[in-house]
Amino acid sequence: MTGSDQQPSGFETRAIHAGQDADSATGAVIVPIHLATTFAQDAVGKHSGFEYGRSGNPTRSALESCVASLEGAARGLAFSSGMAAEDAVLRALAGPGDHIVIPDDAYGGTFRLVSKVLAPTGVRWSSAALASTDALRAAWTDATKVVWVETPTNPNLGIVDIAAVAEVAHERGAVLVVDNTFATPYLQRPIELGADVVVHSSTKYLGGHSDVVGGFVAVADDELGERIGFLQNAVGGVPSPFDCYLVLRGVKTLGVRMDRHCVNATAVAEMLVRHPAVARVLHPGLASHPGHDVAARQMRGFGGMVSFLAAGGEEAALELVARTKVFTLAESLGAVESLIEHPARMTHASAEGSPLAVDPALVRLSVGIETLDDLLADLDQALSR
Ligand code: P1T
């Protein structure tokens, strides 16, 4: 699969080949890390498509084509972090006086961006339990321009019906943005379900190895892509060529990694349900999860994240997250190794005291792809003391 005239169609094939033709100069089968910051022009404005490294870079272009293809998007834009991607999207879509609806359990960084960075510039916002379109309708104002959805949500693993929210947003002229970080395009493709924009923290499953911070925006519409691309070039939140290479390499194995994440997470969730030290397990794969049916409909698998409430409350949660050995106590998620964390004090500390504050008994697991028995034994020993 070397010629660009061949159009690979399967997901895993596109993950490995889309945007990644063999290098025309050398035949190298892997996209080179192009470090050049500037590109020679034959005459003024006559060039290969690349002029200056902030505006565009061949390694970045390969990543952008690949992930845009996986998301079924018209255009993809790689960013230096998930937050830089979110910032560019929201600035392109909402200005002073405009109103944004965010989930009532959004990622803490999204909440901080909206409430502490955009709100002081005059952007208005409210949070709503987006699992219900009634709650979305109730939050609506005449100035609502953007609906921001995460599904599954971080860290409560709530599920939002993307197609239902898209219908409400579109009948009222707003844009639907879906943060697809937890699901990845392997498990869920929001644009096919009606979303206008998809964002990622590619630091997570896309990169997949805890060795790169990155963000991604995929848009259904070229015109919106132009606006976000203009802002990216004007502001400069671009990823380095090496970071693009790392994400591109990670994406090649996304499908096989997600399959294993899903298998391991399901087994972990089932084990936790039976454990007396656990009060409640949050995982969309459990039939008892309120979003299970919607997740089964719009996702190909239920993902690698599992959260639970420690029966002994905050103190028990803080103790057990320090006791695991295979699960490393650390922020972030979505990589091959298993991580455990305490959202109220770690990833979601910025939401403390707000309507988005997280239950202090909550523990979040990013279930990795290690040997399942080792993961189960590790959690059991941490919970059983
Ligand atoms: O960390 P960064 O690459 O800037 O991405 C921000 C972000 C956006 N969206 C979601 C759903 C996220 O989970 C994140 C980052 N989250 C963590 C670091 C975390 O541990 O939850």
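One-based numbering, in listed order, for ligands and for the atoms of each.
- Remark: distances from the non-hydrogen atoms of S366 to ligand 1 are all 4.0 Å or more.
- Residue S332 has at least one N or O atom closer than 3.5 Å to an N or O atom of ligand 1.
- With salt bridges taken as basic N to acidic carboxylate O contacts below 4.0 Å, none links K252 and E12.
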*Under the side-chain contact (heavy atoms from CB on, under 4.5 Å) rule, what do F182 and M305 come out as? Steps first, then yes or no, please.*
CA-CA 8 Å; F182 272 34; M305 300 299 295; 3.7 Å; yes

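- Here the options are I102, N180, L130, the test is side chain to side chain contact (heavy atoms under 4.5 Å, CB included), and the partner is V149; only L130 passes.
- Ion pairing of D161 with R297 is present here, as a side-chain N (NZ or NE/NH1/NH2) and a carboxylate O approach within less than 4.0 Å.
- Between F182 and ligand 1, no N or O atom pair is found at a separation short of 3.5 Å.
- Considering backbone and side-chain atoms together, D179 places an N or O closer than 3.5 Å to an N or O of ligand 1.
- Side-chain polar atoms of D179 and T181 form a donor-acceptor pair below 3.5 angstrom.
- Residue-to-ligand polar distances keep T347 apart from ligand 1: every N/O pair is separated by 3.5 Å or more.
- The two residues C66 and R14 make their nearest non-hydrogen contact at SG-O, 3.7 Å.
- Paired with F308 under the rule side chain to side chain contact (heavy atoms under 4.5 Å, CB included), one option of L365, L362, V268, L157 passes, and it is L365.
- For ligand 1 and G214, the ligand atoms under 4.0 Å from any heavy atom of the residue are 3 (O).
- Cluster annotation: V273 and I340 are assigned to the same hydrophobic cluster (Ile/Leu/Val/Met/Phe/Trp/Tyr, side-chain heavy-atom contacts under 4.5 Å, transitive).
- In L333, the part holding a heavy atom less than 4.0 Å from any atom of ligand 1 is the side chain.
- In terms of protein heavy-atom proximity, atom 13 (O) of ligand 1 is closest to N154 ND2, 2.9 Å.
- Residue-ligand proximity, R364 to ligand 1, at heavy-atom distances under 4.0 Å covers atoms 19 (C), 20 (O), 21 (O).
- Taking only nitrogen or oxygen atoms, main chain and side chain alike, T110 does not reach within less than 3.5 Å of ligand 1.
- The protein heavy-atom contact nearest to atom 8 (C) of ligand 1 is E86 OE2, 3.1 Å.
- Short contacts between ligand 1 and K204, defined as distances under 4.0 Å to a heavy atom of the residue, involve ligand atoms 1 (O), 5 (O), 14 (C), 15 (C), 16 (N), 17 (C), 18 (C).
- Where the criterion is an N or O separation shorter than 3.5 Å, residue side chain and backbone included, G82 meets it with respect to ligand 1.
- T203 OG1, 2.6 Å is the protein heavy atom nearest to atom 3 (O) of ligand 1.
- Looking at E51, its side chain never comes within 3.5 Å of a backbone N or O of G45 through a donor-acceptor pair.
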